[in-house]
Q: 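Sharing a structure here in structure tokens format.
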Amino acid sequence: MKGLLACAMLAAMTSAAMTTAATAQVSDDVVRIGVLTDLSSWGRDNSGPGSVEAAKMAVEEFGPTVLGKPIEVISADHQMKTDVGVQIVRGWFDNGKVDAVVDIPNSGIAIAVHNMVRERSKIALLSGPGASSLTDELCSPNTVHFTYDTYALSKVTASAVIKEGGKSWYSITADYAFGQQLEKDATRFINEMGGKVLGGVKHPTNTADFSSFALQAQSSKSDVVAFANAGQDTDNAIKQSGEFGLVQGGQKLVGLLMFDTDVHAIGLKAAQGTYMTTASYWNMDEATRAWSKKFYERTKVMPTMIQTGVYGSVLHYLKAIKAAGTDESAKVMAKMRELPIEDIFVHGGKLREDGRVIRDMYLAKVKTPEQSKEPWDYLDIVKTVKGEDAFRPVSESKCPLLKK
């Protein structure tokens with residue numbers, strides 16, 4: 001009797017294993033992740049090679065395989081050009097057997113790829129772009145906007161600066177999709193909180209000379225000069241504003257999108273006192289310090305929130321494939337929404353139906369040289385803002401996916 005029972009149990013276990021193997025499906029017998037990033041232009045330091053390494057670190061943490069199939073990470077440089085980015089992704093989908101596209105710093109390129117991903121039933125894991133329209137009127141069931149957006153950056157930063165007396169604002173804005181959206185979102189929150197926008201000026205990307213823009217901001221006599229740009233544009237704008245004495249003249253500088261690497265490039269002397277909002281910081285706790293040390297050993301810089309977002313989005317994607325038993329996009333996206341988001345930098349995050357990841361954001365202020373105690377000790381975390389308070393609420397959304 002015992003022998004018969006053992007045989008029956010063995011048969012049941014074998015049958016269950018065969019059923020699991022039969023339902024576990026990975027297209028082309030490999031999960032291939034394409035990191036589309038900036039390897040050669042003005043956003044390189046904030047994403048670029050660091051984003052590629054972050055994706056690889058996520059794979060290493062998860063394991064070399066998922067559902068018994070290998071995981072591959074490939075990368076390409078979109079050069080901050082929409083036509084180049086679209087061509088790369090089209091080739092990845094048509095010939096490269098890529099399942100998910102990751103990062104994409106540059107909102108214009110991200111919007112174009114986001115539309116292509118929906119048409120091809122692939123997945124976009126966006127960490128680099130900031131345009132909040134990606135999860136608002138342009139929302140897609142195939143996109144994950146993992147790290148930050150212009151809505152959260154503007155709301156968290158503007159509210160803090162206005163409470164400190166920064167009532168009148170002047171903006172220096174990059175003249176492309178991200179900069180325009182960031183300025184628009186910031187203007188809304190400034191007005192709602194009782195502030196006033198005195199004016200602004202737009203500049204082309206990859207600008208070296210900000211002297212005329214800095215002088216216009218200075219002559220506005222605004223309480224606050226806000227920089228709605230990114231990468232080397234932000235670095236140059238803040239450096240040159242410091243050289244023209246804006247801070248000494250009593251104006252506050254606000255980086256509506258800044259990273260640790262920007263502070264590193266600008267230097268604490270020029271950047272001190274600047275407000276910024278971030279989704280992560282390397283020096284938060286023992287776990288973030290340990291992960292960041294490994295990242296530093298590979299890249300020689302501390303990670304930005306874009307790079308930690310690439311790591312987190314790839315890790316969550318792989319967990320979802322495992323849970324779904326397939327890499328089929330619709331089923332994986334369903335699992336990504338179902339599973340809580342947990343990694344070194346995100347705790348208790350969740351993916352909303354519009355593609356927006358709801359996660360805590362942090363208001364930070366750049367330290368003075370005297371306050372910094374070690375290399376890359378640049379930020380004082382002033383306040384933690386819950387994701388529900390930082391990102392666009394469902395009640396304000398134009399996304400039809402939230403109306404179901």
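Note that the structure is a prediction, hence the values are computed from the model and not measured. The first residue of the sequence shown is numbered 1, and numbering continues consecutively from there.
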Q: Would you call E286 and R289 a salt bridge, taking side-chain N to carboxylate O under 4.0 Å as the test?
A: yes
Q: Are R188 and E396 close enough for a salt bridge, meaning some N to O gap below 4.0 Å?
A: yes
Q: Is it the case that the side chains of S140 and H114 hold a donor-acceptor pair, with the cut-off being a distance below 3.5 Å and no angle test?
A: no
Q: Which value, rounded to the nearest 0.5 Å, describes the distance between R352 atom CZ and S397 atom OG?
A: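 It comes to 6.5 Å.
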Q: Please check if any side-chain donor atom of T207 sits under 3.5 Å from a side-chain acceptor atom of D233, or the reverse.
A: no
Q: Could you tell me if T299 and E53 have a donor-acceptor pair between their side chains, going purely by distance under 3.5 Å?
A: no
Q: Measure the NZ-CG distance between K365 and D380 for me, rounded to the nearest 0.5 Å.
A: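 Rounded to the nearest 0.5 Å, the NZ-CG separation comes out at 8.5 Å.
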Q: Answer with yes or no whether the side chains of N229 and H203 bring together a donor and an acceptor at under 3.5 Å.
A: yes
Q: Calculate, to the nearest 0.5 Å, the distance between atoms OG and CD belonging to S133 and Q181 respectively.
A: 5.0 Å
Q: Could you grab the distance from atom CZ of F345 to atom OG1 of T308, nearest 0.5 Å is fine?
A: 5.5 Å
Q: Over all heavy atoms of both residues, which pair between A279 and Y362 is shortest? Give the atoms and the distance, please.
A: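 So the two residues come closest at O-CE1, 3.5 Å.
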Q: We want to know whether S121 and S329 form a side-chain donor-acceptor pair, criterion being a heavy-atom distance below 3.5 angstrom.
A: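 S121 vs S329: no donor-acceptor pair found between side chains.
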Q: Is the closest side-chain donor-acceptor distance between D185 and T150 under 3.5 Å?
A: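 A pair is found: one side chain offers a donor N or O, the other an acceptor, under 3.5 Å apart.
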Q: In terms of side-chain heavy atoms, does Q251 have a donor or acceptor partner in Y170 at a distance below 3.5 Å?
A: no
Q: Using distance alone, with no hydrogens and no angle criterion, decide if D260 and T304 have a side-chain donor and acceptor under 3.5 Å apart.
A: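 No.
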Q: Go through the structure and list residues passing salt bridge (Lys or Arg N to Asp or Glu O under 4.0 Å) with E328, not counting sequence neighbours.
A: none
Q: Please round to the nearest 0.5 Å and tell me the distance separating atom CG of L36 and atom OG of S51.
A: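 Spacing of CG (L36) from OG (S51) equals 10.5 Å.
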Q: Looking at Y311 versus W291, is the centre-to-centre ring distance below 6.0 Å?
A: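 Ring-ring flag for Y311/W291: true, centres closer than 6.0 Å.
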Q: Looking at F391, does the NZ or CZ of R356 lie under 6.0 angstrom from its six-membered ring centre and within 45 degrees of the ring axis?
A: yes
Q: Distance from F210 atom CZ to E243 atom CD, nearest 0.5 Å?
A: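 It is 12.5 Å, given to the nearest 0.5 Å.
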Q: Just by distance, with hydrogens left out, do S27 and D99 show a side-chain donor and acceptor under 3.5 Å apart?
A: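 S27 vs D99: donor-acceptor pair found between side chains.
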Q: Could you tell me whether F189 and Y151 have their ring centroids closer than 6.0 angstrom?
A: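 Yes: the rings meet the under 6.0 Å criterion.
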Q: Between W376 and H264, how do the two ring planes meet: parallel, tilted or perpendicular, split at 30° and 60°?
A: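 Aromatic pair W376/H264 classed parallel.
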Q: Do D175 and Q180 have side-chain atoms, one donor and one acceptor, less than 3.5 Å apart?
A: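 Present: a donor and an acceptor within the cut-off.
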